[in-house]
Amino acid sequence: MLALGVHGSYKRVDEENRFGFGRHDSTAVLLKDGEVLAAIEEERLDRIKHSNCFPVRAIRYCLDQQSLTLNDVDLIATNIEEHTNAGMYAKSAFLDDADQRIPPDGRKFYASLFEREFGIDVSSKLRFCNHHLAHAWSAYVPSGFDRGLVVVLDGDGDKRSGMVFSGEGPRLIKLKEFGLNQSLGNLYTALIKLIGYNRFDEYKVMGLAPYGDPSVYSPILEKCYQLLPDGNYSLADRLVWMSHFDGAGLVDRARRKGEPFTQAHMDMAAAVQQMLEKIVLHVVSHFKKATRHDYLCLAGGVAHNCTMNGKVLYSGMFQKVFVQPAAHDAGGALGAAYAALSQERSLFRTRKAEHLYFGTHVGTDASISETLHAWGDFLSFEKVDRVAEATAELLANGNVVGWVQGRSEFGPRALGNRSILADPRPAENKTLINQMVKKRESYRPFAPSVLEDRVRDFFDVPDSQLDYPFMIFVVRVREEARGILQAITHLDGTARLHSVSKEVNPIYYELISEFGRRTGVPVLLNTSFNNNVEPIVDTAEDAIACYLTTGLHYLVIGNCVASKRALDPSHPAYGRLVVSLPRSRMLVQRQSQEGAERWETVFELQNTLSRFFASPRIKVSKQMFKLLQIADGSRTFSSLLGQERIDEGAEVEKLTRELIDLWSRRAVILRPGRCD
Ligand SMILES: [Fe+2]
C-alpha cells in the first residue's frame, strides 16, 4: 500500500502570502507498506528556508523518484484534523481577504489543491490526522521499539500544544494532552525575543545558554510557571511574564537583531533553557513512573532542543531514547502517513530508522561532470579514483570542503551527504567557517561526525545507547578529548554528536577513517552545506552556487574534486551567466521618506512571502533594477548590459559586484550560458 504524507499550507510560491508562517516546513513523504521510499521538505526544492508553500515540488519529487503518479497512491495523509485545519484554518486565513471566497468545505478545498496541481480528484484518498498524534507516530514507528513512552512537545496544532502516549505494539494510547496555554514551544519562542531572536531561531538559544548563569533570572522565571502533580504544569499568561520581565529591566535591555550579546542576554538564555529542561524532565519522569516504560520517544518542535534531549538521556530514566530527527512539522507528514497506514492495516509494526537519505540523488559521475564542466569558467575539477582518500588529504591539510554524495538527508541536519567538513581539532576552524560561509553568531558550536565504533574514545555516553546517527543529542566530550577536539567542543564541554556507521554511509565512514589514519582522530567537523540565507543544498547546481559565493576551499561532488578559479569581477565570465529572479522575489519601485527628510525613489527586490522566510526587502541600484526587469531567464548578463547600453568598464564592474552580492544572498539566480 502506497501512502503519501503531506504537510504545508495552501499557497503557491508566487502567491500573495495569506498564512504568515503557519504550516511552515512543508513536506512530502512516500511510504510503501510502511517503508520510507522518499521524503523531502519543500524548502530544498523551492529554495525558501522553512517554506510553507503547498508542497507541490516535494510531492512531485516523491512520485517521480519512484516513477509513480498520484493515481498510484492509495492514501494521502496530512497532519492536522479535518475540522480544525482544512476547515477552520483555511477559512480564517481567507477571512482576511474580502476578495476571496471562503472555502465551504475543508476536505473539498484540500482536494482542490491537488486537483489544481495534478489534475485529479483525490478526495476519497484523503486522511486527516491529529497534529500531535502524527508527531507521535513519527517518533514511535522509526524508534523500532515494541513498547515505549511517546512524548510530543510542540508549539501548537489542533488546539493543543502536546500529548503523551503509551506505545503498545501497534497501538498508541493517549495518556495526556497539553493545552495551548501550556505550549512550551510558543513560550520558548516568545521568551527568546528578549534575546533578539524570533521564530526559527529557537535552536540557537541552547548554544548561547552555556555562556550564562541560569540563577540570575531563574527567580523571575519561577514566578511564571508551576510544576503540578501527575506530570502536569501551568504557565502564566504572556502579560504576567512580560510584567515580571519589565519589572526586572529585561525588556529595556532586550537585544535587538544584530546587536552584541550582553551577559544579561546569556543569563536569560541559560535560565530559559534550564526552565525548559525542568518542565520536560518533570513531565517525562511522571509518565516514566506511571507506565514503567524502558524506552522513550520524543517528537514535536521542542524535541529539536538537543541539549534537553541530552539531559533526558543522561537522566538514566530510560534504557534508550529515540528522538524523531525531523521532530518539527516535516516529521508530521511522515507520522500522518504512518497513522493512515495503521488504520488501514491490522498488522503494523515499528521499524528502526537506519538512515535519512530519502532526498534528491546528486547524480552519476557523468552528470556531475557535465554540470561542473558548464561552470568551467569559474572552477576546475578532476574525477578521482579514491575520493575519500583525496578529500581526507585536503581536510588533513587544513582545507574546508563542501561534500556532496548520494541522496540528500530528510530533516534539518546534514549527516554526511550535504555537509561542509573540516578538521575538528583547531579552535580557529570555528571562526574560519563562520567567516567563509556561515556568517553566523560566533558562539554557536559546530558538530562532530565520528566513526560509530570510536564514539566512546571521545564522548562520554551511556552504556545503553552507543549509536547517535541523527545528530539530535548533545553529549559530553570526554575530558581528555576536549583539548583535541577544540573546534567541536562547546564551552560546557559538550557536542552535538553524529555517529557514522559503515553499513549506513560507507563513503562517509571511509572518509572519516582516512582522516583518522592521517591525523589519529577519526572525527570530522560537520556542518550543513548552505550559507546563512538558504536551505541546505540539494542538487549539484545548489552546491556549486554555494561554493562559488563563499570562501570554501574545495567542492567534492560524487568522485569529482573541484577548486575555484580566482576571478575578478571584471572577468568576462560573469557576463556569460544567465540571470533570472527566484519566483519568491519581485521588483518593486516605491517612494520612501528616508530619515523623514525627503522623499526618494527606492528600487527593491521584495520577498513575496512573509518576513519569516527571507529578508523582506533588498535594495538594488536603479541600473540593476532596470537590468533585472528585462532578465527573463534566457539572457546573459552581458546581453542585459548591452540592451541598456552599459559598456563603460568601471560601471560594468560595479554592476557585476552588485550582481555577485545579490547572488550570494540568493536574490537572483545565475546559471552558465553561452556567449551571445
Ligand atoms: Fe508540530
Side-chain angles (χ1 to χ4, degrees), residues 5-10 19-29 39 41-43 49-55 58 77-82 84-86 88-90 127-142 150-165 172 174 176-190 192 198-203 235 276 279-280 283 297-306 308-309 322-340 410-413 472 612-613:
V6 178
H7 163 80
S9 86
Y10 315 124
F19 296 93
F21 56 79
R23 309 286 287 156
H24 49 82
D25 300 303
S26 300
T27 299
V29 304
E41 291 186 53
E42 187 74 1
E43 67 161 26
K49 265 178 134 171
H50 301 290
S51 174
N52 72 342
C53 298
F54 183 67
T78 190
N79 58 335
I80 204 146
E81 290 177 5
E82 181 172 356
T84 54
N85 171 60
M88 190 187 76
Y89 181 76
R127 302 287 185 275
F128 295 87
C129 176
N130 175 278
H131 188 79
H132 304 293
L133 179 60
H135 275 309
W137 278 112
S138 81
Y140 183 52
V141 176
V150 185
V151 177
V152 177
L153 298 168
D154 206 14
D156 58 80
D158 281 323
K159 305 178 199 166
R160 299 283 182 274
S161 65
M163 287 184 184
V164 180
F165 299 85
L172 282 175
K174 187 163 70 180
K176 174 79 182 164
E177 292 185 348
F178 296 109
L180 286 181
N181 59 356
Q182 294 174 290
S183 173
L184 294 176
N186 288 353
L187 172 66
Y188 201 88
T189 308
I192 64 172
N198 211 328
R199 174 80 48 179
F200 305 135
D201 292 326
E202 293 86 348
Y203 66 102
L235 304 176
L276 178 75
I279 297 174
V280 172
V283 172
C297 305
L298 291 173
V302 176
H304 271 306
N305 194 304
C306 307
M308 177 197 86
N309 297 340
F322 177 83
V323 183
Q324 163 54 243
H328 58 311
D329 288 351
L334 177 66
Y338 285 138
F410 178 54
R413 304 280 162 254
I472 196 90
F612 293 98
F613 299 107

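Given the structure is predicted, the values throughout are model-derived calculations rather than measurements. Numbering starts at 1 and runs along the sequence shown. As the structure lists them, so they are numbered: ligands from 1, and atoms in each ligand from 1.
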Under the side chain to side chain contact (heavy atoms under 4.5 Å, CB included) test, which residues partner [X], sequence neighbours left out?
X: R199; answer: F21, H24, N186, T189, E202, F612
X: A77; answer: R127, A336, A340
X: A337; answer: A3, V29, L31

Would a 4.5 Å heavy-atom cut-off, applied to side chains only, mark L334 and Q324 as touching?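 The answer is yes, as the side chains (C-beta and beyond) meet within the 4.5 Å cut-off.
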Side-chain contact, heavy-atom cut-off 4.5 Å: V302 with D154? no
Under a 4.0 Å N-O cut-off, is there an ion pair linking K49 with E43?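 No, K49 and E43 are not salt-bridged.
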Protein N/O/S count near the Fe ion (ligand 1) (criterion: distance under 2.8 Å): 4
